[in-house]
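Keep in mind that the numbers below use all heavy atoms, side chains included, and drop hydrogens, waters and symmetry copies. Below, read A as the first sequence line, B as the second, and so on, with proteins coming before strands; counting in each chain starts at 1.
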Amino acid sequence: MVKLRARCLLVGDAAVGKSALSHVFHSDGTLFQKNYSMTTGVELLVKCVNIPETSDSVELYITDSAGKETLVEACEKMWGEPSLLCLVFDLTSEQSFANCSRWMERVRGHVQGLQVPGVLVGNKSDLSARREVQTAVAQDWAQSQGLDYHETSAREMENCDAPLLSLARTFQSLYQERLENIQNLSPG
Amino acid sequence: MTDSSPSSLGAKVVVASSSDESHPPENIIDGNTQTFWMSTGLFPQEFIIRFPEPTSISAVTVDSHNVKQLRIEKNTSQNASQFEFVTEKDFEHTEGHLQSNTLSLDGSSAIHLRFIITTGYDYFVSVHRVTVQI
Ligand SMILES: Nc1nc2c(ncn2[C@@H]2O[C@H](COP(=O)(O)OP(=O)(O)O)[C@@H](O)[C@H]2O)c(=O)[nH]1
Ligand SMILES: [Mg+2]
């Protein structure tokens with residue numbers, strides 16, 4: 001049984017639904033901490049995810065780095081540490097999807113060559129009549145970036161657990177991978 | 001001057017900020033680099049070694065992986081609190097083999113030694129062995 005802990009950067013354009021998603025993460029009662037820092041504008045959520053069929057769990061320390069440019073800079077100061085990524089766009093906004101590459105570059109610029117595993121989330125799946133981004137297109141791009149892809153509706157509380165579980169599983173396999181690597185090291 | 005594993009001196013690890021039952025913090029002080037304690041995510045990480053009596057320590061050697069910076073604090077109290085700074089070191093990154101770093105403690109007397117890993121080169125760090133020179 002292992003309890004893992006991971007930092008997770010929640011990023012994406014303004015108004016794609018990051019706060020709404022955080023709110024849903026909150027609503028099932030397993031969220032046990034929520035802090036808001038007035039100085040940086042960064043919101044920290046701590047969310048515990050149990051990985052099914054194992055006794056392992058992952059505590060996700062999710063920082064919501066508000067899409068507004070002025071706040072993003074404050075948040076970027078915190079991006080140096082190895083983290084997971086939760087990149088969100090709005091399925092009804094082609095622009096918010098196009099900007100995902102910029103977000104990706106920005107995050108990569110801070111982690112000094114480390115991979116940035118995580119998820120791409122297309123939110124507002126309930127607004128199907130106004131959809132501008134097709135699933136296959138988002139899926140392909142996510143794959144090219146090494147991210148898992150999920151579509152959610154924060155409004156209808158549809159599928160919102162999937163990105164969290166996917167983040168937790170990714171982190172658990174990262175841990176297993178690193179463990180194996182360490183067992184093969186020779187003494188200094 | 002001899003290198004001793006803390007467990008051979010009757011020392012114990014009394015606090016560790018992470019725990020994986022398969023890789024417990026006792027592995028740090030058993031004198032064996034094959035066994036290790038692994039952090040389970042986030043920084044800082046720390047562990048505290050307690051000696052059975054005040055012990056004058058001239059240096060410690062730490063065998064580890066992916067540690068970027070280590071700070072050592074100590075006290076001479078029966079409680080694991082109120083520590084004073086002793087030393088700090090930036091470790092070089094290694095690939096394929098362990099880091100091995102010796103930090104001078106100048107014969108400080110200590111009951112508790114607190115090891116704080118302030119940052120790492122990866123999501124996780126491991127500490128394989130700590131030996132002390134007394
Ligand atoms: N229809 C619909 N609206 C949403 C959804 N998620 C968020 N919204 C709306 O989108 C707007 C922006 O959401 P917000 O969470 O503040 O976005 P943020 O700037 O990324 O944090 C708000 O008016 C939300 O009510 C969703 O899944 N479906
Ligand atoms: Mg060992």
In terms of heavy-atom proximity below 4.5 Å to chain A, should Y121(B) be classed as side chain, backbone, both, or neither? backbone
Does any heavy atom of chain A fall under 4.5 Å from the side chain of F124(B), the backbone, both, or neither of them?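 Contact with chain A: side chain only.
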Counting only non-hydrogen atoms closer than 4.5 Å, can you tell me which residues of residues 71-82 of chain B sit against chain A? none
Are [X] and [Y] in one and the same hydrophobic cluster, where Ile, Leu, Val, Met, Phe, Trp and Tyr link if side-chain heavy atoms are under 4.5 Å apart?
{"X": "I111(B)", "Y": "I49(B)", "answer": "no"}
{"X": "I28(B)", "Y": "I116(B)", "answer": "no"}
{"X": "F47(B)", "Y": "V67(B)", "answer": "yes"}
{"X": "F91(B)", "Y": "V132(B)", "answer": "yes"}
{"X": "L84(A)", "Y": "V119(A)", "answer": "yes"}

Just so I know, are the side chains of F36(B) and L185(A) near enough to count as touching, which here means a heavy-atom distance under 4.5 Å?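 In short, these two side chains do not touch, never coming nearer than 4.5 Å.
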Which one, D56(A), L174(A), V58(A), leads in non-hydrogen pairs under 4.5 Å with chain B?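 Top count of heavy-atom pairs under 4.5 Å with chain B: L174(A).
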Would you name the heavy atoms of S83(A) and Y123(B) that are closest together and state the gap between them? O-OH, 2.9 Å
Which heavy atom of M38(B) sits nearest to which heavy atom of I182(A), and what is that distance?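 So the minimum-distance heavy-atom pair works out to SD-CD1, 3.4 Å.
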Which side-chain N or O atoms in residues 10-24 of chain B pair as donor and acceptor under 3.5 Å with protein atoms at least two apart or in another chain?
from, atom 1, to, atom 2, distance (Å)
S17(B), OG, Q45(B), OE1, 2.5
S17(B), OG, E46(B), N, 2.8
S17(B), OG, E46(B), O, 3.2
S18(B), OG, T40(B), N, 3.0
S18(B), OG, T40(B), OG1, 3.2
S18(B), OG, Q45(B), OE1, 2.8
S18(B), OG, Q45(B), NE2, 3.4
D20(B), OD1, S22(B), N, 3.0
D20(B), OD1, S22(B), OG, 3.4
D20(B), OD2, Y175(A), OH, 2.6

Looking at T94(B), D122(B), T119(B), which has the largest count of heavy-atom pairs under 4.5 Å with chain A?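 When all of T94(B), D122(B), T119(B) are compared, D122(B) has the most.
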Please check if the number of heavy atoms outside E132(A) that lie under 6.0 Å from its CD is greater than 12. yes
